[in-house]
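Structure, as structure tokens:
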Amino acid sequence: MTMNTQISPEKLKFGASVLPALETGTYTLRFDQDLAIEGALDARTFTSQMTFVVRGERWGLEGKQIHSCYPPEGGQGKYAACLPHLVIKNSSLPWQRTAAQAENLPWLALLILDDAELDQCSLQTRTLAELVQDQPDRWSLESGESPDRNCSTLTLPANLREQLIPTRSDLAWLAHTREVESGGRFAVITAHRLPKEGANSTALLVSLEGYYDPENQRRYPNNESGEVTLAVLHRWTFADRDPEKETRRMLEKLTQQTDVLKLPARPGEHAQSASLRNLGYTLLPYHFRDGQSTYAFYRGPLLPCAPASGEYTLVANPDALVKALSGTGLPDLSRAMAWQMGRLLALDNLQFATSLLKWKRAEKVGREMKGQSELERSLRAMNQAESGEEQNHQQIVKDWLSRLQNLNGVPFSYLVPEEAMLPEESVRFFRLDPNWIQALLDGAFSIGRGTARDLERDQALIGQVVEMGETPLSGMLVRSEMVKHWPGTALEALDQGGNILPLYTQLEYAPGVLLCVFAGEIARLHYRQSPESLHYGLSVHESEGNPAWTVTPRSLETGQLTSQQVAVGVNESRVVEIAALAAALQSENSAQFALQMVSGREEIEFIIQN
């Protein structure tokens, strides 16, 4: 396990802002056309106009708009020395509105409150109609906004208002963009306050739209109580309390729980049982159709060893795939269960099942036309051309089978039949069994197969919609809190020669469970935090009995850490003096400030022994 301190300019680019093409508001387009006719006394002008509205987010963000947050939702660890942040997929969102029109300040801010402070505040959920009705002089609805929409609001008392809301000078440095080589461009909103040590914290993304514009001060009145009410677009909680869930310690746990995907050894285990276990088999109850019960062996497509060679042949039904496992007298149901699951998934998808049947029928008609007269063939071809459906059905079949081939939709219990194979905080490596995958696809493709002739036709047809490459596939399964801590994890697999392997498929089956498959045999694998999720990190040490905060900035030219230590001003309320720090770093904009402030990435390198 290492700390990668390098920031590659080719893979991660920082930007100060992304301005929208049009600001939020109502626009009118007017078109005038002057028409002059030779010999006429007067020219005529024809006018047409249209009004349209540019809408942006104002009251809340949907979950799909959030890429990630740090600290993660529900996270526990040592977070008291970091500035929390939120990564948003819409890279222009912080600048679609403004906190001060003249300066084009971002209109979003991230506030950090501990539980005691949150108890002093009022956090409510109301409809926009209720909000406008309660304070008609402060809020009004824009075009297209529904009065029935819910909105969360935070009311801050006077004693918290000044320390929680960023100053005008700080706000300009707290939003920037990050463009990732393979992941697009994101907006990042950073807090200006450190979480409280040993306490729960709540992060709230609030609107400061017009907060610093004099004409909009009516929205944020300094009334007798000094309270201010802000719209809350998103919130999450985390805690600085469990050192065992600190990133480095969690990574250390993963390195201690690394193996191939198989059941653990049992005391006094029989030699034959150990041999089958090392091949990935597990023993499960099996019930015959006549009601009798026995046991049968099963293993999914994720093998702890090299898969068996041999060419797969389509079958009429799953019973043809049931084989007696040598030396046990018990059946091996692995491929039969794959076939049956493929068929069930296909029947569950009406569009696929319908398209498959129509495409097979069209192909059958096409073959029958070969023995017909030229006139009959022309008439049939004309009907098919008029319908225009055959090619579309074939594409639907191909696309759905391609997703199934990548394990999309396959129940996790068919991949990992027993929980003991993948314990908590563990990493398991495997090789993908192409025969299991082909049985899965065969089952899905079997819809409409009733006779031996149908089986022959399917054998000839399936190659048009399924491509089974010759490259071996291998991968890893991770079950860990780190999957939630590192959303959009960056994985890099290399073969024995050091060549980077293409990613075949990546699926997150549940919160904390990640499956990745690569095209090729993995020799080394780098598991690291995604670059868009990198956070600002500060260092603290005692100086004359008081905490002294510093930051080690990065070079603007190379992106590498310098040897310089820059003092960071942090007041008694844990508020960082952002504008003063940016001046000390000689940053010209929020992009340079972000590059100088981001910490390195924790990463693990796994070396796989054959």
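We number each residue from 1, following the sequence as shown.
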Y312 side, atom OH; M468 side, atom CE - distance, nearest 0.5 Å: 10.5 Å
Any donor-acceptor pair under 3.5 Å linking the side chain of N200 with the backbone of T237? no
Where T471 and A519 come nearest, the two heavy atoms and their spacing: CG2-C, 3.8 Å
Would you kindly say whether T190 and H85 are connected by a side-chain donor-acceptor distance under 3.5 Å? no
Please report the interatomic distance CE(M421) to CG(L477), rounded to the nearest 0.5 Å. 9.5 Å
Any idea how F606 and F429 line up, ring-wise: parallel (<30°), tilted (30 to 60°), or perpendicular (>60°)? perpendicular
Roughly how far, to the nearest 0.5 Å, is the CZ atom of R554 from the CE atom of M597? 11.0 Å
CA sep, side-chain torsions, deciding dist, call: Y295, T328, side-chain contact (heavy atoms from CB on, under 4.5 Å): CA-CA 11 Å; Y295 286 89; T328 67; over 6 Å; no
Heavy-atom donor-acceptor pair, S555 side chain to T562 backbone, under 3.5 Å: no
Any donor and acceptor pair, going by atom type alone, linking the side chain of D348 with main-chain N or O of L344 inside 3.5 Å? no
Using only heavy-atom distances, determine whether the side chains of R185 and T177 contain a donor-acceptor pair under 3.5 Å. no
Derivation of the side-chain contact (heavy atoms from CB on, under 4.5 Å) call for L407 and L432: CA-CA 11 Å; L407 300 177; L432 198 66; 4.3 Å; yes
Heavy atoms, side chains only, cut-off 4.5 Å: are P434 and P307 in contact? yes
Check step by step if side-chain contact (heavy atoms from CB on, under 4.5 Å) holds for I447 and L347. CA-CA 8 Å; I447 296 178; L347 290 171; 3.7 Å; yes
In this structure, CG of L525 is separated from CG of L494 (nearest 0.5 Å) by 8.0 Å
Inspect the surroundings of CZ in R449 and state if more than 12 heavy atoms from other residues, nucleotides or ligands are less than 6.0 Å away. yes
Look only at the side chain of R235 and the backbone of T202, and say whether a donor-acceptor pair between them is shorter than 3.5 Å. no
Using ring centroids (six-membered ring only for Trp), state whether F238 and Y70 fall under 6.0 Å. no
Determine whether a donor-acceptor pair (N or O, by modelled atom type, separation under 3.5 Å) exists between the side chain of R335 and the backbone of L321. no
If we ignore hydrogens and angles and just use 3.5 Å, is the side chain of Q351 paired with the main-chain N or O of I396 as donor and acceptor? no
Pick one: which of V397, I437, L441, L404 meets side-chain contact (heavy atoms from CB on, under 4.5 Å) with V466? L441
Taking the side chain as every heavy atom from C-beta outward, state whether D259 and R428 have any atom pair closer than 4.5 Å. yes
Qualifying residue for side-chain hydrogen bond (donor to acceptor under 3.5 Å, both in side chains) with R479, from Q257, E419, E425: E419
Would you check if M341 and P411 make a side-chain contact, meaning some heavy-atom pair closer than 4.5 Å? yes
Within the structure provided, determine whether L302 and W436 are in side-chain contact (heavy-atom separation under 4.5 Å). no
Between F352 and D399, is a side-chain contact (heavy atoms from CB on, under 4.5 Å) present by the stated rule, with each step listed? CA-CA 9 Å; F352 169 78; D399 291 345; over 6 Å; no
Using 4.0 Å as the upper bound for N to carboxylate O, is an ion pair formed by K78 and D240? yes
I'd like to check I112 versus L194 (side-chain heavy atoms, cut-off strictly below 4.5 Å). Are they in contact? no
To the nearest 0.5 Å, what is the distance between CD on Q496 and CD on E521? 9.5 Å
Side chains of D454 and T451 only: does a donor on one sit below 3.5 Å from an acceptor on the other? yes
Quick check: closest heavy atoms across L357 and G448, and the distance to 0.1 Å? CD2-CA, 3.7 Å
Measure from the side-chain N and O atoms of D442 to the backbone N and O of V315, and report whether any donor-acceptor pair falls under 3.5 Å. yes
State, yes or no, whether a side-chain contact exists between D495 and I522 at a heavy-atom distance under 4.5 Å. no
Report yes if the side chains of L284 and L333 come closer than 4.5 Å at any heavy-atom pair, otherwise no. no
Does the side chain of F186 reach to within under 4.5 Å of the side chain of S91, using non-hydrogen atoms? no
Can any side-chain N or O of W359 pair as donor or acceptor with the backbone N or O of Q395 at less than 3.5 Å? no
Test: K360 cationic atom under 6.0 Å from F445 six-membered ring centre, within 45° of axis: yes
Hey, is the main chain of G327 close enough, under 3.5 Å, to the side chain of Q272 for a donor-acceptor pair? yes
Residues, nucleotides or ligands: over 12 heavy atoms within 6.0 Å of E456 CD: yes
Find the distance between OG (S326) and CG (D332) and round it off to the nearest 0.5 Å. 11.0 Å
